[in-house]
Amino acid sequence: MTFSKGCHLHLIDGSAFIFRAYHALPPLTRKSDGIPVGAVAGFCNMLFRYVANNSGADAATHVAVIFDFSSKTFRNEIYDQYKANRPELPEDLKPQFPLTREATRAFNIACIETDGYEADDIIASYACRAREAGGRVTIISSDKDLMQLVGDGVEMLDPMKNKRIGRDEVLEKFGVYPERVVDVQALAGDSVDNVPGAPGIGIKTAALLINEFGDLETLLERASEIPQPKRRQVLLEHSEQIRMSKRLVELDCDTPLTETLDELEIQPSDPEKLMHFLNLMEFRTLTKRVADSLGVAPPVPVEPIASLPHAEDTPGGTPPEPERLPFDHARYECIRDAATLARWIDAIQARGHVAVDTETTSLDEMQADLVGISLCVEPGRAAYLPICHREGGGDLFASDKLCDGQMPAEQALAMLKPVLEDPAILKIGQNMKYDAKIFARQRGEGYADGIVVEPYDDTMLMSYAMYSGLHNHGMDELADRYLGHTPIPIKSLLGSGKGATTFDRVPIDEAVKYAAEDADVTLRLWQLFKPKLHQVQVTTVYETLERPLVAVLARMEMAGVLVDRDTLSRMSNAFAQKMAGLEAEIHELAGGSFNVGSPKQLGEILFDRLGLPGGVKGKTGAYATGADVLEDLAAEGAELPARVLDWRQLSKLKSTYTDALQTHIHPETGRVHTSYSITGANTGRIASTDPNLQNIPVRTEEGRRIREAFVAAPGKRLVSLDYSQIELRILAHVADIPALKEAFREGIDIHAMTASQMFNVPLEGMDPSVRRQAKAINFGVIYGISGFGLARNLRIPRAEAQAFIDTYFARFPGIREYMDATVAYAKEHGFVQTLFGRKIHTPEINSRGPTAGFARRAAINAPIQGAAADIIRRAMIRMPAAIEGLPAKMLLQVHDELLFEVAEDAVDTLITRAREVMEAAADPAVRLDVPLVVDAGHGMNWAEAH
DNA sequence: GGGCTCACG
DNA sequence: GACGTACGTGAGCCCG
């Protein structure tokens with residue numbers, strides 16, 4: 001039916017429904033897995049009642065439920081504090097949002113949300129279109145912001161009071177008719193949405209003024225005529241703020257509409273779909289009630305998995321667990337045509353979630369070609385969709401011909417794109433960053449800008465949030481530990497070493513078993529982990545520190561950093577020449593030729609042939625020849641060790657940096673694309689690999705020059721921002737050390753302050769070596785100080801180092817108390833925690849021997865290093881929104897530093913915005929007692945910027 | 001593939 | 001009384 005006169009559109013404010021349901025009902029969880037579903041239950045009840053009551057002459061002909069998509073909208077551009085003081089969403093509500101979308105679809109009602117727009121704007125736009133078409137509109141909401149839309153065929157219905165709101169009710173509420181509501185709101189402001197308005201003016205006064213002057217503009221123009229001095233002054237002084245407030249409260253009637261009015265026509269309910277959803281949610285009463293009203297038989301309730309029989313109940317084996325359902329490779333399906341794929345897409349939509357895994361030709365996401373996609377909707381029900389398998393074994397004589405029986409890649413991806421991007425369908429992955437990057441790189445008809453996987457969950461990150469420190473988080477490890485299952489090893493398909501082939505050469509039949517199994521494993525892990533996140537109390541960590549990082553890092557990695565090959569190549573040559581010279585000298589001094597790069601040969605030369613003192617053999621029987629040993633020998637005047645030190649430095653720079661980096665320059669982008677591992681480090685730090693861009697030299701002059709090869713593109717600059725002393729600041733906060741906190745607040749040199757306190761010397765004119773010792777102690781404290789370690793670091797006798805430590809603890813007793821408390825906590829709980837709730841397990845804390853020492857120091861360090869890692873993660877996650885619209889890209893993270901590439905004329909703006917985000921990154925979760933300070937620099941290359 | 005060495009925070 | 005120790009990473013090289 002074409003929407004026209006006589007039609008009646010209902011627009012339901014979905015978010016309001018959810019919040020009302022959440023607060024009206026006691027917390028309720030799904031029995032089988034503990035997922036919170038209380039708000040979903042209430043939401044479904046309301047939808048059911050709505051559908052049941054929508055009858056009679058006044059019934060709706062068209063209906064939609066409108067949701068808010070994200071918190072960032074154009075209003076944040078107008079005013080960055082808009083809705084800034086909204087409290088954080090309750091943890092047990094967040095996971096219910098996608099389910100309410102599913103619920104809406106299950107009721108066969110259009111479900112609408114648009115990125116960057118508030119539900120109110122979408123409602124306004126549909127209301128306007130419907131009004132223009134001559135139809136009637138009822139907005140089902142009690143949000144007063146929507147009252148500006150009332151009139152001329154548009155009404156509101158307050159679902160709480162079941163009260164109709166027309167023009168007269170708006171007048172009653174605001175003192176003006178709908179068309180002047182925004183004027184009143186602009187003056188009165190709104191504390192809930194953080195709209196400032198005119199200070200001291202409420203709705204009453206605002207209405208009075210507007211009625212007197214006619215409208216807001218006239219009022220502001222003639223504000224000087226207002227008799228009351230205070231009101232006059234407020235209006236004159238805050239006119240701009242008031243105008244801005246008006247722009248904030250004014251609804252946008254021209255948002256892009258994802259569905260036409262006609263598409264909102266009421267559909268008869270689909271009993272099967274609805275029953276299936278309600279049954280999955282395990283809403284017994286509601287399922288029955290809905291079944292009765294639809295006149296269908298209620299479905300058999302889903303059995304909690306725990307009560308199903310298990311196949312691997314072998315005597316003497318590991319005890320059978322609920323998730324140990326057998327893996328049956330024969331049941332996996334191969335998707336070879338559009339009809340089959342369409343069937344799978346239906347199955348995915350019915351559930352609202354799907355486990356996804358991509359198979360490609362390479363582990364390097366920037367080079368990998370997509371070969372196939374596997375999908376899994378419930379344990380054991382998985383499929384593989386091959387799209388680019390090729391004939392032959394991949395050797396020199398193999399053809400590049402695609403195998404028969406595959407869907408064209410373009411067709412398959414065009415069909416999958418709406419699913420992968422559907423806000424109501426959760427995509428579940430194991431290491432989703434990999435798959436997201438692969439999908440983002442796909443190009444074709446209908447997906448010219450790639451495919452953006454949203455929303456997603458990641459089982460690897462769930463494992464990391466819950467079990468960091470206990471084990472690694474790769475699929476094989478997790479499958480083995482939590483599913484008691486060993487997936488088919490990839491090596492059995494590809495082989496290893498020189499003879500290894502690529503996945504596109506794997507016969508499709510074999511690929512199905514392997515690939516579908518991975519999706520199956522992922523889905524089962526997700527079912528297991530999802531409720532556990534709550535039990536382990538790391539949902540906030542997962543949701544705020546892990547999951548959002550995937551998209552942020554994917555963008556950084558794909559952006560890459562421009563590296564100048566010529567610069568590196570010239571440096572390589574220069575290093576090679578110098579090394580050759582040094583090598584000749586070294587051989588001369590040694591009295592013969594040997595491999596300078598072999599620590600074993602070098603040790604023999606130094607201590608056996610030349611008879612130098614201090615040769616110490618390690619556990620492997622070889623002499624130690626580390627830099628510290630060679631430095632000691634060189635200090636004694638030995639020339640050979642001094643030359644070897646120089647040679648080693650050059651060798652390192654050449655092989656690891658100037659040579660290896662060149663091989664990482666991407667042939668098409670000309671840039672270097674590192675890969676960040678979110679779960680690589682136990683403390684919450686991220687790790688960079690292939691290549692590691694977190695250890696580019698900086699400490700020596702010669703090494704630092706390598707950073708000159710990291711350059712900005714023409715017309716751009718590199719900008720580096722780094723946290724100053726972030727770990728010591730965190731220590732000052734968590735250990736609660738007044739002297740340290742004050743020093744940071746006052747901006748005093750922290751190492752000098754430490755020295756001054758320990759050695760009773762004045763800050764002014766301090767001996768640099770005294771400061772250096774204090775600095776070493778400060779670092780030592782973060783690492784879980786020991787006399788031995790400090791002695792080695794400072795090259796002083798151990799007793800002296802121990803005396804320093806004793807003095808330090810005597811002066812800052814809180815530090816020792818903090819350390820003792822942290823170790824005690826670790827011993828009791830088996831983990832330590834950061835300020836932000838990240839858990840780092842310390843399984844070896846109760847060991848004996850040297851292991852205990854390691855574990856103890858790691859436990860002391862983890863909360864400090866981890867909190868610093870959490871803070872920069874928070875900054876990175878907020879950064880895209882903060883720099884949106886700027887010609888700037890975030891490229892690299894180096895633990896306490898972020899590197900950006902930005903257009904020349906936007907350097908200052910970027911620094912201002914990025915610094916603001918970084919310095920406020922702990923807020924509002926943690927109120928630090930010390931300020932976070934960020935230093936910034938910029939230049940044509942990384943050496944200049946740092 | 002383990003051990004050593006060394007680059008970074 | 002001796003043991004061996006600063007925390008967290010990744011990569012290249014040697015050598016068995």
Side-chain angles (χ1 to χ4, degrees), chain A residues 468-469 496-497 594-603 616 618-630 644-645 647-661 663-664 674-677 679-700 702-704 706-707 722-728 731 776-794 798 801 805 832 840 842 848-866 868-869 872 892-897 946:
Chain A
S468 182
S496 64
F594 71 102
N595 185 349
V596 183
S598 163
K600 187 166 166 262
Q601 292 180 33
L602 176 66
V616 182
K619 43 192 162 197
T620 54
Y623 289 112
T625 66
D628 49 349
V629 177
L630 300 189
V644 173
L645 281 170
W647 184 91
R648 279 213 184 138
Q649 194 201 353
L650 295 175
S651 164
K652 176 78 173 180
L653 294 177
K654 182 171 187 294
S655 69
T656 310
Y657 301 105
T658 56
D659 287 350
L661 264 178
T663 70
H664 285 284
T674 184
S675 179
Y676 287 105
S677 159
T679 61
N682 290 336
T683 52
R685 276 195 177 179
I686 61 174
S688 160
T689 66
D690 308 302
N692 181 355
L693 295 186
Q694 289 179 324
N695 70 346
I696 303 302
V698 71
R699 290 173 185 170
T700 67
E702 210 148 24
R704 190 155 52 239
I706 292 184
R707 295 191 173 215
D722 68 290
Y723 284 107
S724 162
Q725 309 284 8
I726 188 168
E727 293 191 348
L728 276 175
L731 176 71
I777 293 168
N778 276 334
F779 277 105
V781 165
I782 293 171
Y783 298 151
I785 199 159
S786 78
F788 183 92
L790 184 65
R792 205 175 66 166
N793 189 285
L794 283 176
R798 201 177 145 176
I805 294 171
V832 290
I840 299 119
T842 56
R848 313 193 146 266
T851 317
F854 282 118
R856 192 179 154 282
R857 290 189 296 273
I860 290 168
N861 174 259
I864 300 167
Q865 188 181 114
I872 198 165
L892 301 179
Q893 188 250 42
V894 192
H895 309 310
D896 64 358
E897 172 189 4
H946 186 78

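These numbers come from the heavy atoms of this one structure, side chains and all, not from hydrogens, waters or symmetry mates. Just so it is clear, the structure is predicted and the values come from calculations on it, not from any experiment. Per chain, numbering begins at 1; letters A, B, ... match sequence-line order.
- Going from atom CD1 of Ile726(A) over to atom C1' of dC7(C) covers 16 Å, rounded to whole Å.
- Protein atom CD of Gln649(A) is 18 Å distant from nucleotide atom P of dG12(C), rounded to whole Å.
- Across all strands shown, Ala791(A) has no heavy atoms under 4.0 Å from either base or sugar-phosphate atoms.
- Using a 4.0 Å heavy-atom distance criterion, Gln601(A) is classed as a sugar-phosphate-only contact.
- Protein atom CD1 of Ile706(A) is 16 Å distant from nucleotide atom P of dA11(C), rounded to whole Å.
- Residue contacts shown for Gly784(A) are absent, as no nucleic acid heavy atom lies under 4.0 Å away.
- For Arg707(A) (side chain) and Ile696(A) (main-chain N/O), a donor-acceptor pair under 3.5 Å exists by modelled atom type.
- If you check every strand for non-hydrogen atoms under 4.0 Å, Ile782(A) touches nothing.
- Nucleotides dC3(C) and dC8(B) place their C1' atoms 31 Å apart, quoted to the nearest Å.
- If you check every strand for non-hydrogen atoms under 4.0 Å, Ala660(A) touches sugar and phosphate atoms only.
- Donor-acceptor pairing under 3.5 Å, judged by distance alone, is absent between the side chain of Arg856(A) and the base of dT5(C).
- Within the 4.0 angstrom heavy-atom criterion, no nucleotide atom of any strand lies near Ala868(A).
- The interatomic distance linking Leu728(A) (CG) with dC7(C) (C1') rounds to 13 Å, in whole Å.
- The side chain of Asn695(A) sits closest to dG10(C) out of dG10(C), dG4(C), dG8(C).
- Both distances falling under 3.5 Å, in either a Watson-Crick or a G-U wobble arrangement, place dC7(C) opposite dG9(B).
- dC6(B) and dA2(C) have their P atoms separated by 31 Å, with the value rounded to a whole Å.
- Using a 4.0 Å heavy-atom distance criterion, Ile696(A) is classed as a sugar-phosphate-only contact.
- Ion pair Glu727(A)/Arg685(A) flagged as a salt bridge, since at least one NZ, NE, NH1 or NH2 atom sits closer than 4.0 Å to an Asp/Glu carboxylate oxygen.
- Closest approach to the Ala776(A) side chain among dC7(C), dA6(C), dG12(C) is made by dA6(C) (side chain taken as heavy atoms from C-beta onward).
- Within 4.0 Å (heavy atoms only), Arg648(A) reaches sugar-phosphate atoms of the nucleic acid but no base atom.
- Using a 4.0 Å heavy-atom cutoff across all strands shown, Gly626(A) reaches sugar-phosphate atoms only and no base atom.
- No contact: Ser651(A) has no heavy atom under 4.0 Å from any strand.
- Counting non-hydrogen atoms under 4.0 angstrom, Phe854(A) reaches the backbone sugars and phosphates but no base.
- The partner of dG1(B) is dC15(C), judged by Watson-Crick or G-U wobble contacts that both fall below 3.5 Å.
- Separating the CG atom of Asn793(A) from the C1' atom of dC7(C) is a distance of 12 Å, rounded to the nearest angstrom.
- Annotation: ring-ring contact (aromatic ring centres under 6.0 Å, His included) contacts of Tyr676(A) (sequence neighbours excluded): none.
- With a heavy-atom cut-off of 4.0 Å to chain A, the contacted part of DNA chain B has its first and last nucleotide at dG3(B) to dG9(B).
- Among the heavy atoms of the strands lying under 4.0 Å from Pro697(A) are primed sugar atoms or P, OP1, OP2 only; no base atom is included.
- Each of dA6(C), dT9(C), dC7(C) was ranked by its minimum atom distance to the side chain of Leu790(A); first place goes to dA6(C).
- Distance check on atom P: dG4(C) versus dC4(B) gives 14 Å, rounded to whole Å.
- dG8(C) atom C1' lies 12 Å from atom CD1 of Ile864(A), rounded to whole Å.
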